[in-house]
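One structure below.
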Amino acid sequence: MPELPEVETVVRGLRASLPGRRFVSVRLGKSDFIDDPAALGEHLPGRQVLAVERIGKFICVQLTRHGGQALQRSQDASAADLHFLIHLGMTGRLAVRSPAEPVAPHTHGFFELDDGNELRYTDIRRFGRMLLVTGDALPAFQARLGADALFVSARQFAEQVQGRRARIKAFLLDQKALRGMGNIYADESLWRARIHPARLAANLGADEIARLHQAMRQVLRAAIKLGGSSISDFLDAEGKRGSYQVRHRVYDREGEKCFRCGTPIERIIVAGRSSHFCPNCQRAPRARKPRKRIAARKSVRRRSGS
DNA sequence: CTTACGGCCTGGGTGC
DNA sequence: TGCACCCAGGCCGTAA
């Protein structure tokens, strides 16, 4: 599932082929995950890609209708008058392909480019999102998200954490507080910092917050270096798998030994998400409402209204 | 106001 | 072999 390192990997891949290209046409299959499907066909063709950036877990394709002159050094994002934002959800893939190549199942978007290739969007579950944001509206869009997890300063991170009464895991996953983190890297960062996921953010000591900040940045940087984690079927813009999953210390390791102390890794639900941790290295907060352990066998669930 | 939680979307994998 | 169900991330409505 694409989180910050996976999205960064895709963005870097797209930078190899998209900047300078111009969209020619748009073809969509299922489009129920797109805010305004018609707008894509209406506004993308004719526009040129200035740059590809990452905004949290969004891929941001910066576009201009005034080609050529604006494109020498494309760092000038202010020249973009339109931003094509893509969120990969859980199973989204974005890649530049030749039209001659076979089309992967569940490919719902074909964005024809002026060099004869096409940008393809594939998404099995369609939990992804696509939207267009004008240059004017981009600051407001960014303002709804917190600081980027990769670049947030130690000081800003500490201020945010200390002001939160929610559990630290919930804080890490809250895109309005911190953008880019997801379940895998939240668990990995907490294990490295030796902090239990259910601890209340405001109760963390300064040393713990500093450890978490450092752990988070180390984990993210290492994952980017390895092209992200391919635990389900993440593929980068060239269709290659990442390899950070072999470095996971807790994620999806329930019952396996902690790499630090050998204690079996446990899994509980925190903030509505599976949370993996070492009960020895990451001590539970005292005297909170006990969290139910997840039973090994399936739990009974019934639908409402029955 | 902030936080917590259940439900919803979808379909591949799993376990019976 | 079939099939019910679990689960994932983000978002939204509702409740405290």
Side-chain angles (χ1 to χ4, degrees), chain A residues 1-7 10 29-35 37 54-59 85-94 104-109 121-131 141 144-146 149 159-189 197-204 228-235 241 245 248 250-255 267-276 285 288-306:
Chain A
M1 48 224 61
E3 302 179 23
L4 189 154
E6 290 77 29
V7 176
V10 172
K30 292 184 179 175
S31 59
D32 51 359
F33 61 97
I34 301 172
D35 282 22
R54 181 181 59 77
I55 302 176
K57 297 188 217 176
F58 284 88
I59 295 159
L85 299 181
I86 301 113
H87 195 298
L88 300 176
M90 293 178 57
T91 54
R93 292 182 195 170
L94 202 53
H106 306 287
T107 299
H108 305 298
Y121 181 74
T122 305
D123 191 347
I124 294 171
R125 307 266 159 91
R126 304 204 302 283
F127 283 10
R129 259 185 87 193
M130 282 185 188
L131 66 160
F141 179 86
R144 284 191 275 129
L145 300 167
E159 280 174 10
Q160 292 268 348
V161 171
Q162 284 161 348
R164 281 300 196 108
R165 271 171 299 172
R167 297 185 184 92
I168 187 63
K169 175 73 181 266
F171 168 82
L172 292 175
L173 294 179
D174 184 354
Q175 302 298 300
K176 293 189 292 297
L178 194 67
R179 66 187 192 226
M181 294 292 279
N183 208 33
I184 296 174
Y185 299 102
D187 282 3
E188 293 297 314
S189 299
R199 293 276 303 281
L200 296 188
N203 287 352
L204 295 181
S229 303
S230 289
I231 60 146
S232 52
D233 52 1
F234 167 73
L235 298 176
R241 288 168 57 84
Q245 63 278 8
H248 290 177
V250 281
Y251 186 81
D252 206 20
R253 294 193 65 244
E254 183 181 15
R267 181 168 73 101
I268 59 175
I269 301 295
V270 179
R273 292 280 168 263
S274 275
S275 300
H276 311 77
R288 286 216 92 226
K289 286 179 188 168
R291 297 265 119 203
K292 275 175 280 189
R293 296 191 53 192
I294 296 164
R297 56 203 166 73
K298 62 186 162 204
S299 57
V300 178
R301 281 178 69 166
R302 51 189 77 230
R303 305 189 68 89
S304 61
S306 63

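Naming: A, B, ... by sequence-line order, numbering from 1 per chain. Everything quoted here is computed from the prediction, not taken from an experiment.
- Qualifying salt bridge (charged side-chain N to carboxylate O under 4.0 Å, His left out) partners for A:Arg125, counting only residues two or more places apart in sequence or in other chains: none.
- The NZ atom of A:Lys30 sits 14 Å away from the P atom of B:dC9 (whole-angstrom rounding).
- Between the side chain of A:Gln175 and the main chain of A:Leu173, a donor-acceptor pair closer than 3.5 Å is present.
- Applying the ring-ring contact (aromatic ring centres under 6.0 Å, His included) rule to A:Tyr121 yields the partners A:Phe33; only residues at least two apart in sequence or on another chain are considered.
- Checking A:Arg164 against A:Arg126, the closest nucleotide of DNA chain B that is more toward the 5' end is the one next to A:Arg164.
- Annotation: side chain to side chain donor-acceptor pair (under 3.5 Å) contacts of A:Arg129 (sequence neighbours excluded): A:Asp35.
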Short N/O separations, protein against nucleotides 12-14 of chain B, under 3.5 angstrom:
{"from": "B:dG12", "atom 1": "OP1", "to": "A:His106", "atom 2": "NE2", "distance (Å)": "2.9"}
{"from": "B:dG12", "atom 1": "O4'", "to": "A:Arg125", "atom 2": "NH2", "distance (Å)": "3.0"}

Return the polar atom pairs (N/O with N/O) between nucleotides 9-15 of chain C and the protein under 3.5 Å, or none.
{"from": "C:dG9", "atom 1": "OP2", "to": "A:Arg273", "atom 2": "NE", "distance (Å)": "3.2"}
{"from": "C:dG9", "atom 1": "N7", "to": "A:Arg273", "atom 2": "NH2", "distance (Å)": "3.1"}
{"from": "C:dG10", "atom 1": "OP1", "to": "A:Lys57", "atom 2": "NZ", "distance (Å)": "2.5"}
{"from": "C:dG10", "atom 1": "OP2", "to": "A:Lys57", "atom 2": "NZ", "distance (Å)": "3.0"}
{"from": "C:dG10", "atom 1": "N7", "to": "A:Arg273", "atom 2": "NH2", "distance (Å)": "2.8"}
{"from": "C:dC11", "atom 1": "OP1", "to": "A:Arg129", "atom 2": "NH1", "distance (Å)": "3.1"}

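- Candidate nucleotides B:dT10, B:dT3, C:dA8 were compared by shortest atom distance to the side chain of A:Arg165, and B:dT3 ranks first.
- For A:His106, there are no ring-ring contact (aromatic ring centres under 6.0 Å, His included) partners two or more places apart in sequence or in a different chain.
- Taking the screw axis at each terminus of the helix from B:dT2-C:dA16 to B:dC16-C:dG2 from five consecutive base pairs, the angle between the two is 50° to within rounding of 10 degrees.
- With sequence neighbours excluded, the residues forming a salt bridge (charged side-chain N to carboxylate O under 4.0 Å, His left out) with A:Lys169 are A:Asp187, listed by chain and number.
- Annotation: side-chain contact (heavy atoms from CB on, under 4.5 Å) contacts of A:Ala202 (sequence neighbours excluded): none.
- Considering only residues two or more places apart in sequence or on other chains, A:Arg164 meets the salt bridge (charged side-chain N to carboxylate O under 4.0 Å, His left out) condition with A:Asp174.
- Judged as a side-chain contact (heavy atoms from CB on, under 4.5 Å), and not counting sequence neighbours, the contacts of A:Arg199 are A:Ile168, A:Ile195, A:His196, A:Leu204, A:Glu208, A:Pro285.
- Residues satisfying the salt bridge (charged side-chain N to carboxylate O under 4.0 Å, His left out) test with A:Glu3, not counting sequence neighbours, are none.
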